[in-house]
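Heads up, the thing below is written out as structure tokens.
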Amino acid sequence: MPKITALILAKNEESNIRDCIESVQFADEVLVIDDFSTDSTKDIAESMGARVLQRSMNGDWGGQQTFAIQNAASEWVLFVDADERISAPLAEEILEVVKQGEQCAYWIMRENKFHHNQATHGVLRPDYVNRLFPAAGSYVTGYVHPTIVTPYPNKKLNHIMYHYTYDNWDQYLNKLNNYTRLAAEKYKEQNKKCSFIKDVMFRPLWAFIKVYFLNLGFLDGKMGWVLSVNHYFYTMNKYVKLYYLYKDNGKL
């Protein structure tokens, strides 16, 4: 049977890394790419039998994930974030499809949870992510929201993984600030245009309407409203930061 390496990117994930590794114990190898954590992430991972390589990410998720693929010892790789958990039925399904040997990129439905409560609509509605595929010929591009590139046809698995997105509001808002900065820097590198009226004033409004009304965020009650408004500010802050990156460089 072909072997599987579970790949986990981590930085200061001591509160998550143990449960994450426990959920992928079915894999032949667990490889943690640690971005020089200052907590006990590395020690916990190694104590659980994971192989740990340390490498600075510098905001380049795609580069870090490609490095992980290149260092996997198995024919197949399974990406799992430190705040994600593979369910028992999904673990069995993964072993079965790998055993069958069909070379495909398998997408997994991720059930998002905020503070251990299920979110079923709006920003945190369930989504599909590409996580299981043969390592050969595969790589990842992009910074904030990377794209996995494989030469294999896409298929979907039937069972789910769990994504514990945030434990508290400080973590949520810190990540929002970091992601908007990285997104703005990426857009600037791509010479993406930025109009104050279109992108700072109206694009965030459309982002709110989409997640709150079209994606039914209002069905999640108070939490749906809060997350949708925060999505408005997430979108606005990306373009505010991009606008002033250009302005500070004299391009506006």
Side-chain angles (χ1 to χ4, degrees), residues 9 11-12 35 56-66 79 81-84 107 110 112-115 117 119-130 139-149 163-252:
L9 272 58
K11 183 178 178 66
N12 296 334
D35 185 8
S56 179
M57 184 187 300
N58 290 322
D60 185 0
W61 277 90
Q64 194 84 327
Q65 288 181 302
T66 298
F79 269 111
D81 289 346
D83 59 1
E84 295 174 339
W107 291 67
R110 182 172 58 174
N112 298 293
K113 294 177 179 290
F114 182 85
H115 198 56
N117 291 314
T120 57
H121 308 91
V123 177
L124 297 183
R125 65 195 181 281
D127 59 342
Y128 274 93
V129 286
N130 183 7
Y139 61 95
V140 188
T141 64
Y143 280 70
V144 183
H145 300 292
T147 300
I148 293 172
V149 180
H163 182 206
Y164 293 93
T165 52
Y166 310 101
D167 290 326
N168 54 67
W169 288 109
D170 283 342
Q171 184 186 33
Y172 177 96
L173 293 171
N174 286 337
K175 187 171 285 190
L176 183 149
N177 184 52
N178 186 45
Y179 277 19
T180 53
R181 176 182 59 80
L182 292 173
E185 291 172 353
K186 175 185 175 182
Y187 289 163
K188 182 176 179 290
E189 288 178 2
Q190 297 172 339
N191 293 316
K192 183 179 177 68
K193 294 181 179 180
C194 182
S195 161
F196 192 90
I197 293 176
K198 176 185 175 182
D199 297 309
V200 177
M201 294 178 63
F202 290 107
R203 188 185 292 272
L205 181 60
W206 166 243
F208 171 83
I209 291 171
K210 184 168 64 173
V211 297
Y212 191 69
F213 294 105
L214 301 184
N215 297 145
L216 307 180
F218 63 89
L219 294 179
D220 286 332
K222 295 177 182 177
M223 183 63 73
W225 171 262
V226 170
L227 293 176
S228 297
V229 170
N230 281 340
H231 187 62
Y232 171 98
F233 284 109
Y234 168 81
T235 305
M236 185 182 73
N237 274 287
K238 281 194 302 185
Y239 287 96
V240 166
K241 290 177 181 180
L242 176 62
Y243 182 85
Y244 282 99
L245 280 175
Y246 284 138
K247 192 173 182 63
D248 291 342
N249 288 336
K251 293 185 178 181
L252 286 176

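The environment of F202 atom CZ is sparse: at most 12 non-hydrogen atoms of other residues, nucleotides or ligands sit within 6.0 angstrom. Other residues, nucleotides and ligands contribute only 12 or fewer heavy atoms inside 6.0 Å of the NZ atom of K210.
Of the possible polar contacts, one joining the T66 side chain to the V140 backbone as a donor-acceptor pair under 3.5 Å is found.
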Which pairs would a plain distance check flag for residues 219-227, meaning a side-chain donor or acceptor within less than 3.5 Å of a matching protein atom at least two apart in sequence or in another chain?
from : atom 1 : to   : atom 2 : distance (Å)
D220 : OD1    : T120 : OG1    : 3.3
D220 : OD1    : H121 : ND1    : 3.1
D220 : OD2    : H121 : N      : 3.2

Pair up each side-chain donor or acceptor in residues 177-184 with any protein partner under 3.5 Å, not counting sequence neighbours, and list the distances.
from : atom 1 : to   : atom 2 : distance (Å)
N177 : OD1    : K241 : NZ     : 2.9
N178 : OD1    : R181 : NH2    : 2.6
T180 : OG1    : L176 : O      : 3.0
T180 : OG1    : N177 : O      : 2.9
T180 : OG1    : K241 : NZ     : 2.7
R181 : NH1    : E185 : OE2    : 3.4

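Aromatic pair Y232/Y212: ring centres not closer than 6.0 Å.
Residues passing the side-chain contact (heavy atoms from CB on, under 4.5 Å) test with L173: none are found, sequence neighbours excluded. Considering only residues two or more places apart in sequence or on other chains, F233 meets the side-chain contact (heavy atoms from CB on, under 4.5 Å) condition with V229, M236, N237. Under the side-chain contact (heavy atoms from CB on, under 4.5 Å) criterion, N58 pairs with S56, not counting sequence neighbours.
Nearest heavy-atom pair across C194 and L242 is CB-CD2, 3.8 Å.
Note: Y172 and F114 have perpendicular aromatic rings, judged against thresholds of 30 and 60 degrees for the angle between ring planes. Note: Y234 and H231 have parallel aromatic rings, judged against thresholds of 30 and 60 degrees for the angle between ring planes.
Among residues at least two apart or in separate chains, side-chain hydrogen bond (donor to acceptor under 3.5 Å, both in side chains) pairs with a member in residues 192-202 are D199-R203.
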